[in-house]
Amino acid sequence: MKIIFTALLILSGMSIAAMGVEASTGKGDEPHARAYDHPGHVPIGKPAIGKEITRIIEINIEETQSGYMLFEPDAIHIKEGSVVRFVINNLGHLDHEFFLGSFEEIKKHQQWMLEHPDMKHEDPNAVSIASGSSKTLDWNFSSKTNLEFVCLVPGHREAGMFGVIMVHDHLAPEQ
């Protein structure tokens, strides 16, 4: 009986330790990584893996002498159902990011980035772009929505590095 009791005590202690490993307070966890994959989040589309590109949009990253950091263009209309290849050119002297998400997700992620400033984005909805280089991001805009693109390097969004994308049939130019 004593052996069974000891074995049960050890097993219950291991179970509690294992639950602690699985449990998370959320502190330190990247909020809503790949949020476009999770039900209940604002639909922003999905990665365009295996899809034919229907539109190419070139975006330049610029840094001004007065300290502004900008995406050009910073407002884009896209037709629902379009598969877009973004070509992002970093013309500045600093490294930047292009992160695509809902306004709510970006707000949460920006706060997380303040606590983890060295994090680099290389997810399907984000790319890091070194100074003087270019990167591409392919995205399928499958739902009517409004979303944001932003650089979440601390201080860059505040310096002007954000833009909006409107995905609506009635606003999109003919392709």
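Basis for what follows: all heavy atoms, side chains included, without hydrogens, waters or symmetry-related copies. In what follows, residues are counted from 1 in the order of the sequence shown. On a predicted model such as this, the values are computed, not experimentally measured, just so you know.
Annotation: side chain of L94 is not in contact with side chain of S131 (no heavy-atom distance under 4.5 Å). Residues F141 and I165 have side chains in contact (heavy-atom distance under 4.5 Å, counting atoms from C-beta outward). Counting heavy atoms from C-beta outward, H168 and N146 have side chains that approach closer than 4.5 Å. The side-chain heavy atoms of D169 and K79, taken from C-beta on, include a pair separated by under 4.5 Å. A 4.5 Å side-chain heavy-atom check between I78 and I57 finds at least one atom pair inside the cut-off. Counting only heavy atoms from C-beta outward, the side chains of V167 and L147 approach each other to under 4.5 Å.
The distance from the NE2 atom of H96 to the CD atom of E63 is 3.5 Å, given to the nearest 0.5 Å. Distance check, rounded to the nearest 0.5 Å: CD of E72 to CG of N60 gives 7.5 Å. One distance of note links NE2 of H77 with OG of S82; it measures 13.0 Å at 0.5 Å rounding. Considering CD of E148 and CD of E104, their distance stands at 12.5 Å, rounded to 0.5 Å. Distance CG/D95 to OG/S133: 7.5 Å, rounded to 0.5 Å. Separating the CD1 atom in I59 from the CG atom in L91 is a distance of 12.0 Å, to the nearest 0.5 Å.
Between F99 and the choices L137, N125, V153, the side-chain contact (heavy atoms from CB on, under 4.5 Å) rule is met once, by N125. Exactly one of H156, M69, R157 qualifies for a side-chain contact (heavy atoms from CB on, under 4.5 Å) with F162. That residue is R157. Applying the side-chain contact (heavy atoms from CB on, under 4.5 Å) test between M161 and each of I61, L152, D74 identifies I61 as the sole match.
The 12-atom threshold is exceeded at CZ of F103, counting heavy atoms of other residues, nucleotides or ligands nearer than 6.0 Å.
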- Just do the side-chain hydrogen bond (donor to acceptor under 3.5 Å, both in side chains) check on S134 and N89 with the steps written out, would you? CA-CA 4 Å; S134 297; N89 305 306; 2.5 Å; yes
- Task: Step by step, work out the side-chain contact (heavy atoms from CB on, under 4.5 Å) result for I56 and E58.
- Result: CA-CA 7 Å; I56 296 174; E58 191 164 347; 5.7 Å; no
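Classified by interplanar angle (parallel below 30°, tilted 30° to 60°, perpendicular above 60°), the ring pair F71/F149 is perpendicular.
Clustering ILVMFWY residues whenever any of their side-chain heavy atoms sit less than 4.5 angstrom apart, transitively, puts V87 in the very cluster that holds I53.
Listed here is the closest heavy atom pair of M166 and A75: CE-CB, 4.4 Å.
Remark: side-chain polar atoms of K135 are paired, donor with acceptor, to backbone N or O of S128 under 3.5 angstrom. Distance alone, capped at 3.5 Å, places no donor-acceptor pair between the S143 side chain and the G45 backbone. The closest donor-acceptor contact from the side chain of W139 to the backbone of F86 lies at 3.5 Å or more, if one exists at all.
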